[in-house]
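Below you'll find the structure, written out as structure tokens, and then a few comments.
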Amino acid sequence: QVQLVESGGGAVQAGGSLRLSCVASGRTISNYTMGWFRQAPGKEREFVATISRSGGQTFYADSVKGRFTFSRDNARNTVHLQMSATIPEDTAVYYCAASSWALRAMSRGDYDYWGQGTQVTVSS
């Protein structure tokens, strides 16, 4: 079992930055592809970004490409999502997720474990 706990959410003005973190416990995350998803009110949970086990490959949703950066520190069992140039449409609850089997995990069904989420609110 892997437990995931997100932090770093909050309120920011458009154009500002936030750094989300996700700390894992129970298993070492070096064996897991990691991902971030988000869910805005009244909308489906959507893919944001994923990172390979080594951190050598990242993939982003078009809506965040060039603005968000996904990184991982396997030694600290932690991943980070650096959010820059934020826009109001980034407002959502952000979820960290871990996949034990998918190499390029861009769908909800690819993930085994989920955190409880952290709220991000971007005001205009």
Side-chain angles (χ1 to χ4, degrees):
Q1 294 285 335
V2 177
Q3 292 79 43
L4 303 171
V5 178
E6 304 95 334
S7 62
V12 64
Q13 286 194 327
S17 299
L18 276 177
R19 189 189 194 211
L20 305 184
S21 297
C22 173
V23 178
S25 60
R27 298 274 177 88
T28 175
I29 64 167
S30 59
N31 296 323
Y32 293 83
T33 298
M34 300 297 292
W36 285 97
F37 285 71
R38 67 186 182 185
Q39 187 167 16
K43 294 189 176 182
E44 294 287 322
R45 191 172 300 187
E46 66 175 7
F47 168 77
V48 174
T50 186
I51 191 167
S52 62
R53 297 175 182 183
S54 68
Q57 287 187 314
T58 52
F59 299 96
Y60 298 92
D62 288 343
S63 58
V64 306
K65 199 174 296 182
R67 300 188 298 117
F68 290 9
T69 302
F70 195 177
S71 62
R72 66 190 298 160
D73 184 342
N74 287 342
R76 290 181 168 80
N77 245 24
T78 302
V79 299
H80 302 285
L81 185 68
Q82 179 67 47
M83 305 171 61
S84 303
T86 53
I87 58 178
E89 289 75 15
D90 293 327
T91 295
V93 177
Y94 283 72
Y95 297 89
C96 175
S99 174
S100 63
W101 58 275
L103 298 180
R104 185 174 173 177
M106 301 174 70
S107 300
R108 291 180 61 180
D110 291 334
Y111 290 89
D112 307 289
Y113 304 102
W114 294 83
Q116 84 290 347
T118 185
Q119 175 70 48
V120 171
T121 303
V122 182
S123 59
S124 57

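It should be emphasised that the depicted structure is a prediction, and the values quoted were computed from it without experimental measurement.
Note on residues 35-104: pairs passing disulfide bond (SG atoms under 2.5 Å apart), not counting sequence neighbours, are Cys22-Cys96. Pairs passing the disulfide bond (SG atoms under 2.5 Å apart) check and including a residue from residues 35-74, sequence neighbours excluded, do not occur. Within the structure, the salt bridge (charged side-chain N to carboxylate O under 4.0 Å, His left out) test picks out no pair touching residues 100-120 (sequence neighbours left out). The stretch residues 68-85 participates, sequence neighbours left out, in these salt bridge (charged side-chain N to carboxylate O under 4.0 Å, His left out) pairs: Asp73-Arg76. The disulfide bond (SG atoms under 2.5 Å apart) pairs that include a residue from residues 31-80 number zero, where partners must be two or more places apart or lie in different chains. Applying the ring-ring contact (aromatic ring centres under 6.0 Å, His included) test to every pair with at least one member in residues 101-124, sequence neighbours left out, gives these pairs: Phe37-Tyr111, Phe37-Trp114, Tyr111-Trp114.
By the side chain to side chain donor-acceptor pair (under 3.5 Å) test, Arg53 is found to be paired with no residue, residues two or more places apart in sequence or in another chain being considered. Residues passing the side chain to side chain donor-acceptor pair (under 3.5 Å) test with Tyr94, sequence neighbours excluded: Arg38. Contacts of Gln39 classified as side chain to side chain contact (heavy atoms under 4.5 Å, CB included), with partners at least two apart in sequence or in another chain: Arg45, Tyr95. Partners of Arg67 according to the salt bridge (charged side-chain N to carboxylate O under 4.0 Å, His left out) rule, which considers only residues two or more places apart in sequence or in another chain, are Asp90. Annotation: side chain to side chain donor-acceptor pair (under 3.5 Å) contacts of Ser21 (sequence neighbours excluded): His80.
Cluster note: Val5 groups with no other residue, as no ILVMFWY side-chain heavy atom lies under 4.5 Å from it.
Side chain of Thr33 to main chain of Ala102: a donor-acceptor pair is present (N/O by atom type, distance under 3.5 Å, no hydrogens or angles).
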